[in-house]
Structures are given as structure tokens and as C-alpha cells.
Participant: 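Below are the C-alpha cells for one structure; questions will follow.
Here is the naming used below: chain letters follow the sequence lines, and residue numbers restart at 1 for every chain. Both backbone and side-chain heavy atoms feed into the values below; hydrogens, waters and symmetry mates do not.
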2 protein chains.
Amino acid sequence: MDKIRQNTLHGEVAERIRDLIAQGALAPGSRVPEKQLCEQFGVSRTPLREALKVLAYEGFVELLPNRGARVAKLTKATLKSTFEVMQSLEALAGELAGQRITEAELANIEALHYQMLSHYKRGNMQEYLLANQQIHEAIVVASQNDVLIDVYKNLNHRVRRVRFTAELSNDYWSQAVSEHESMVEALRARDGAALGGILSRHLRNKVEMSALEEMAE
Amino acid sequence: MDKIRQNTLHGEVAERIRDLIAQGALAPGSRVPEKQLCEQFGVSRTPLREALKVLAYEGFVELLPNRGARVAKLTKATLKSTFEVMQSLEALAGELAGQRITEAELANIEALHYQMLSHYKRGNMQEYLLANQQIHEAIVVASQNDVLIDVYKNLNHRVRRVRFTAELSNDYWSQAVSEHESMVEALRARDGAALGGILSRHLRNKVEMSALEEMAE
DNA sequence: GCAAGGTCTTCTGAATTCATAATTAAGGTT
DNA sequence: AACCTTAATTATGAATTCAGAAGACCTTGC
């Protein structure tokens, strides 16, 4: 995220608003009260409105002419679209990571993988999902493609608020774990094509989608 | 681009700055003179700076703390990364378009395809590239995936300034045309898998990359 | 003559002020 | 009593003002 230091005021404000949205403090579809947030953050409206412009582009809010900003609704259709794109990007990341991953990155992913396995065996889903997430992010970073990393992180941010709410069935869960096993093997073999294929068929996102059928309006 | 009306002042300003960058009026690496652009556009600094925040997240400029904005340099590495991602997104678009394309969209793409062929036969490269571009965009739109469309258009914007400068060799050109032939066939057959495969191997971007070897620092 | 330190100018970052548009409430009319 | 119209209030959009930082230029000392 912060390839350039995010130490600007509008950057800080944007980050905090993202958090508010992710936490649900700002409900989807509700208006974003500029004045209230200003005093809450202790800043004037100028940096806050700059932050809103950025958030609008990132897809967190939508700007209505002369009517301010509303929190984006994140419909089921949007979620589906987002996961489709993320899955495709992960496939590309896998392909590239197979060619470009460093020893250190591989070791890190293996460590995460074993952590994830241990969480799986203990049935700790929250920790499992966290490690899972970190593995996918690490693969994206290992692609060494800055544009890919940026776009992926942005999309990941957008769906952050619905992550970690999924309830996995045991069948899905065990299959996802076995796919992760194959992923690590492909990484060790530096087999980008195989890894890309696994990731493009990896059902993590599909699982999350199905788990989200009820929510998201 | 304008899913919501872009009729805001900062949106207009952003568009005009994008144009200036694409036209080369603002050189890569050079600073963005706020004051000068303000009087040039006849607006105050507030909407202009809001526009710069957006452009920063779009990748057109980078913000240096307390030193304003510089036009992003678009190095060869960045170009390569961008094309990698775009190619992957096009592959996904092809896959989805195969399942979801409407009759009208298909007819439109076929019409563009024949226009493109005619430009090819006449050796009119500029017109060929334009039609080519439109076909790829139309396939992306036919994917019916709004997130994909947004991300793709953004990346397309970024590389706009280096498009249409490529000089294609005859070998590359004829191969690209034959690949386009296969693409239209796959679309007619609603064969998303095939179309995705063709697009992921389509060498248009590679051609452009090679043609851009010398430029972009 | 060259370098180092300081000051001055210019530009960015943020707050405040001003204007305009929208929404809501109140009053009048039907 | 209900609905429409109008006015007032509130919030957004933009300009201006103010403060702080960076860069340039000049002066002075070595």
C-alpha cells in the first residue's frame, strides 16, 4: 500500500474511513457525514474531502453530485465480480511467482502454510483464514509485479469487511487445504504454470461467495 | 469510466490533466505546476488538488510529501507489469464474454473486426490499431463484470500515451490478425475457454512491449 | 576564490470563508 | 385535512487565506 509514505493527512483520513467502513461503523448505503467525521478526526473538511475522492476511486464510496458521498453498497453482483477478478489476478500471480519467487519468500510461505495447517487441525477457523489470506497475499507479492500487487490489494481492501465472516463446511475446508498443499509443492518446483492453474481453480473465493449468499443485500 | 456522472469539477480537471499527460504536454518526471494549471483551467487550487489525489491513485502522478506532484515516469518495468495484468484481465474477459455476450455485442464486435481487417489490408496502421483497441475493449465490456471493466479501463488509461506509437513488423501484424480471426470464431461459438486461452496468448501486448523497448527510459 | 551558513522567496498543505444547491419544515390554499 | 408552494436551514462545492516547508540566492568567512 504505502510504496510512498502515506504520511499525508488525507492518506491517514482515508485509512481511518476505510476502517470505519470495514468495521461497519459506516453502514453501506448511508451518507458520509463530512462535518461529523471532521470533528471526530480533528481535521478540517479539505483533507477529508480529498480522502473521499480517493475512496470513491477505490470503490469504497460513491460520490453523488451536490449530495456528498455514500458508502458503496457492495451488492452480491459486485462481490461476485470482485472475486472473479481477484481469482484471475491470483492465477497470474501464481504463474509469475513460480518464475520469480525468492528463497526467502518461499520459506516465508512455507512457514505460513504450516501455521495454517496447524490451525486447520485444531479447527481454529479465524486463525486459519488469516494465515490463508497471508499466503495468498504473499504469492501476489512474490509475483514482483507492482501493478498486480496494487490492484490486488485494492480489491482485497474492498472485500475486507465480508472476509472472516465465512463459515466453511468441512468438505470445502479439507479440499481447500489439499489445494494449498499442491500450491506449495508447485512453488517449491518453481512451476508457475501449475501454480497458476491451481489458483485459477482454487475454490476459496467460491466458498466465500457461497457463504455470503445471504448477506450483502 | 463514468458510471456515475463525472460532472464534478475535480473530475473534469482530472480528465484534462490526463489528456495533458497523454499528449505529452506534461512530461514524465516533471513537476505538476499547480498554480499554472489553475489559471490555465480557470479553477482554484482546491478542485485541482482533489484531482491530483485521484490521479495519484490512478497511477498517473506520484505525490511527494511537501513537494507536490510529479508525473509518473512509466518505466519499462511498469509498462511490462501493466501489460501483464491487462493480458490476464483480457483472458478473464474472454472467458466470461463467451458465456455472457449478447447478440448485439457480438454483432458489434464482428463489425469492428471487419473494419479492422479492411484497415489491415490497406496497411492503415493507425486505424487498424484503433479498431483493434475497440475490439479488446468491447470484449471486456461483454464480460458484464463491472469491476473488471473499471480496472481494465484504468490500466488502459495509464498506457494510453504509449499506444498508437508502435510500429508493427509485418510478421507480427499478420499473426495478430489471424489470432483475431480465431477470437471472433470463439465468440460466435460462445466458447469462453477457447477465447480466454487465445487472449492470454495473444501477442498484441508483447508486440507493443517490443516496440517500446527504446522509449520509456 | 570557494564553501558554508543564513535569509528570502516560492510553493505546498490545510483551515476558513463564501456561495450555491438540496432538503425539510411551515404556512397557506384548496 | 391534505397537498402544494415557499422559505429557511443545513450541507456540499469551491475560493481564498494562512501557515509551514523546501529551494534558491546572497553574504560572509576561511
Participant: For A/E50, check salt bridge (Lys or Arg N to Asp or Glu O under 4.0 Å) against everything at least two apart and list the hits.
Facilitator: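 Salt bridge (Lys or Arg N to Asp or Glu O under 4.0 Å) list for A/E50, sorted by chain: B/R49, B/K53.
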
Participant: Please set out all donor-acceptor pairs under 3.5 angstrom arising from side-chain atoms of residues 20-31 of chain A, sequence neighbours excluded.
Facilitator:
from  : atom 1 : to    : atom 2 : distance (Å)
A/S30 : OG     : A/A27 : O      : 2.6

Participant: Treating primed atoms plus P, OP1 and OP2 as sugar-phosphate and everything else as base, which nucleotides of nucleotides 10-16 of chain D get B, S or - for protein heavy atoms under 4.0 Å?
Facilitator: -SBBBBB

Participant: In chain order, what residues pass the ring pair (Phe, Tyr, Trp, His ring centres under 6.0 Å) check against A/H180, with sequence neighbours excluded?
Facilitator: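 A/H180 satisfies ring pair (Phe, Tyr, Trp, His ring centres under 6.0 Å) with A/H136, A/H202 once adjacent residues are dropped.
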
Participant: Kindly write out the residues that satisfy side chain to side chain contact (heavy atoms under 4.5 Å, CB included) with A/T78, not counting sequence neighbours, or none if the list is empty.
Facilitator: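 If we apply the side chain to side chain contact (heavy atoms under 4.5 Å, CB included) test to A/T78, skipping adjacent residues, the hits are A/L74, A/T75, A/T82, B/V147.
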
Participant: Considering residues at least two apart in sequence or located in another chain, which fulfil the side chain to side chain contact (heavy atoms under 4.5 Å, CB included) criterion with A/V141?
Facilitator: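 Counting only residues at least two positions away or on another chain, A/V141 forms a side chain to side chain contact (heavy atoms under 4.5 Å, CB included) with A/E105.
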
